Protein chains: 2
Amino acid sequence: MALAKPTPSSLSELEFISRRLEEDIALGRILPRERLIEEELADRFKVNRHVIRQVLSDLEGIGIIVRQRNKGATVRDLTPVDVENIYSVRELLEGKAAEMIKLPPDPAVLAELKDIHRRHSAAAASGNFTDVFRLNLLFHKTFFAACGNPQLAEAIQNFALKAHIARSLTISDPALLKRAVGEHGQMIQLMEAGDRKRFVKMVVDHIIPSKDAYMENYRRRFGMAKP
Amino acid sequence: MALAKPTPSSLSELEFISRRLEEDIALGRILPRERLIEEELADRFKVNRHVIRQVLSDLEGIGIIVRQRNKGATVRDLTPVDVENIYSVRELLEGKAAEMIKLPPDPAVLAELKDIHRRHSAAAASGNFTDVFRLNLLFHKTFFAACGNPQLAEAIQNFALKAHIARSLTISDPALLKRAVGEHGQMIQLMEAGDRKRFVKMVVDHIIPSKDAYMENYRRRFGMAKP
DNA sequence: CACGACAGGATTGTCAACAAAATAGACAAT
DNA sequence: ATTGTCTATTTTGTTGACAATCCTGTCGTG
């Protein structure tokens, strides 16, 4: 998992840096409202400032950073209302995808999911949050790709990324992590069992704890008042 | 509606050019698989090539053009499967939004929709396709913004844009256009009547004719065979 | 005639320098 | 103590030139 800069050409270089920044944001290494300064990033990734510029533009398109003309980029600061809205769409999209996934699933897909799940569990057990993050992403990507509609899968991916900003402050909570890993295991079991109804419910419910954690964390920081 | 380049600074300039290219693609002035050459566009819009580069990158992110390294950008060529997939997501998102829109609607929103509808009808009657396109976009944008979830509204907007590539070959069909305008009128009526069930069905069914038109056009060009 | 190597032109990718704008800090005035 | 204003510094935006890559047509060779 520890990748060095693999890139001969820079189309993948953009991807690499984007992923890395998404990761930093999701893991709370860069916090909401924090500034992202082009030259600093250029130095850090040993790359021309223009590459960073492009990356920031992409991240803005995805919706995880905000840019103001002549003022630079900051990590987007989601309000509870934003978070509710994002999770509401996620529920819709992921529920639909869960209804579309063939049950029982394609053996190759199932095997891949099991493998990722195994590695994800291991990373969680050893407290390697970076790997946990990547493998969680990979699990969901592989999982939803199985719905057969790449457009839908991509939209799910995009909204999951947005939600990651909201999760950044609570993502390293061991209890949440343990629960998520367990739920992945259950999802696999329900797939094999071919129990559509419980499977769909499991998928939809799976995203709730992280939202709740955000909300609780927010209340703890700002009080009960709904602004 | 005939806007001149309004832009003092170039953040809005990007928007302006993006919209213009989207329009050209949607109206079939630039066809699927057609190349988009950076320098040509730079000349056309009297702007530096870097600006075009940025725009192309954005359009790639939206998914209406495809870029290959060192080979340039082309308008994305959707397959019938792509189109089915896109419309399937549109149905899901727009149906959900229709369920969320307050009925009867906010008077201000209703008034705005009626005004746009009136202008849209007029443009359709006079055969001004550019205005038809813009006003149709505006109608849907205003309409779905009323669902109260900006994240959902944005996703709907994005998928509608993708669908526009598919519509480009049939967008100027007068029968389709007349039907669409009529359906907008009905949507407004059902909103006022507060008839949720028929309203939602109307919204979901509204997107079907354009998909059917694409499919028929595709069959006419390539035969019945499903590739 | 078919095929492949090789130029030449067209197109995209990268970079470094310059211009414009915004921020931060010092200092003065209320 | 707070606000306002000016200047120096930081940061972002824009441009032109150059490098790398790909495509096209041509020519020679079997």
Side-chain angles (χ1 to χ4, degrees), chain A residues 4-22 24-25 29-77, chain B residues 4-22 24-25 29-77:
Chain A
K5 216 160 92 174
T7 160
S9 64
S10 114
L11 201 68
S12 46
E13 181 139 68
L14 289 182
E15 288 291 309
F16 176 79
I17 299 175
S18 290
R19 296 283 151 74
R20 197 56 175 272
L21 285 178
E22 287 165 4
D24 285 344
I25 292 169
R29 296 196 274 248
I30 309 177
L31 294 173
R33 293 195 299 273
E34 186 168 342
R35 258 186 101 178
L36 298 168
I37 289 161
E38 296 180 355
E39 202 152 353
E40 278 180 12
L41 294 172
D43 286 348
R44 170 176 163 198
F45 290 107
K46 308 291 181 218
V47 97
N48 195 289
R49 193 158 66 85
H50 287 74
V51 178
I52 299 296
R53 218 142 215 292
Q54 178 65 53
V55 167
L56 292 181
S57 176
D58 291 351
L59 294 180
E60 184 186 25
I62 296 170
I64 70 179
I65 72 171
V66 174
R67 263 157 43 120
Q68 287 178 284
R69 189 180 173 74
N70 289 320
K71 295 186 68 177
T74 58
V75 175
R76 181 159 175 197
D77 188 29
Chain B
K5 216 157 96 176
T7 161
S9 62
S10 113
L11 201 68
S12 46
E13 181 140 66
L14 289 182
E15 289 291 308
F16 176 80
I17 298 176
S18 290
R19 296 283 149 74
R20 197 57 174 272
L21 285 178
E22 287 165 4
D24 286 344
I25 292 169
R29 296 196 275 248
I30 309 176
L31 293 173
R33 292 196 299 274
E34 186 169 342
R35 266 186 94 179
L36 298 168
I37 289 161
E38 296 179 356
E39 201 152 352
E40 279 180 10
L41 294 172
D43 287 348
R44 171 178 163 197
F45 289 108
K46 308 289 181 220
V47 97
N48 194 291
R49 192 159 67 86
H50 289 76
V51 178
I52 299 297
R53 222 144 210 293
Q54 177 66 53
V55 168
L56 292 181
S57 176
D58 290 352
L59 294 180
E60 184 187 23
I62 296 171
I64 69 179
I65 72 171
V66 175
R67 265 163 33 124
Q68 287 178 285
R69 189 178 173 75
N70 287 320
K71 295 183 68 178
T74 58
V75 175
R76 180 160 176 197
D77 188 29

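This structure is a prediction, so every number in the text was calculated from the model and none was measured.
Using a 4.0 Å heavy-atom distance criterion, A/Leu36 is classed as a sugar-phosphate-only contact.
Taking atom CD of residue A/Gln54 and atom C1' of nucleotide D/dG13, one finds them 15 Å apart after rounding to whole Å. Counting to the nearest Å, the C1' atom of D/dT15 and the CD atom of B/Glu13 are 14 Å from each other. The distance between atom CD of A/Glu39 and atom P of D/dG13, rounded to the nearest whole Å, is 13 Å. Atom pair B/Glu34:CD and C/dT11:P shows a separation of 13 Å (rounding to whole Å applied). Atom CD of A/Glu60 is separated from atom C1' of D/dT12 by 14 Å (rounded to the nearest Å). Put simply, CD on A/Glu38 is 16 Å from P on C/dA21, counting in whole angstrom units. Atom-to-atom, CG of B/Asn48 to P of C/dG13 comes out at 15 Å; the value is rounded to the nearest Å. In this structure, CG of B/Asp43 is placed 11 Å from P of C/dT11, rounded to the nearest angstrom.
Residue A/Asn70 has no polar side-chain atom (N or O) positioned under 4.0 Å from OP1 or OP2 of D/dT11. Between A/Lys71 and the phosphate of C/dT23, there is a side-chain N or O to OP1/OP2 separation shorter than 4.0 Å. Taking 4.0 angstrom as the limit, A/Arg53 places a side-chain polar atom (N or O) nearer than this to OP1 or OP2 of D/dG13.
Counting atom types as modelled, B/His50 pairs no side-chain N or O with a base atom of C/dG13 as donor and acceptor under 3.5 Å. A donor and an acceptor atom sit less than 3.5 Å apart, one in the side chain of B/Arg49 and one in the base of C/dG13.
Residue whose closest nucleotide on DNA chain D sits further toward the 5' end, between B/Arg35 and A/Gly72: A/Gly72.
A 4.5 Å side-chain heavy-atom check between B/Val75 and B/Val66 finds every atom pair outside the cut-off. Using a 4.5 Å heavy-atom cutoff, the side chains of A/Ile37 and A/Leu41 are not in contact. Residues A/Ile25 and A/Ile65 have side chains in contact (heavy-atom distance under 4.5 Å, counting atoms from C-beta outward).
Between A/His50 and B/His50, the ring planes lie tilted relative to each other; the angle falls in the 30° to 60° range.
Using modelled atom types, no side-chain atom of A/Ser57 and backbone atom of A/Arg53 make a donor-acceptor pair closer than 3.5 Å.
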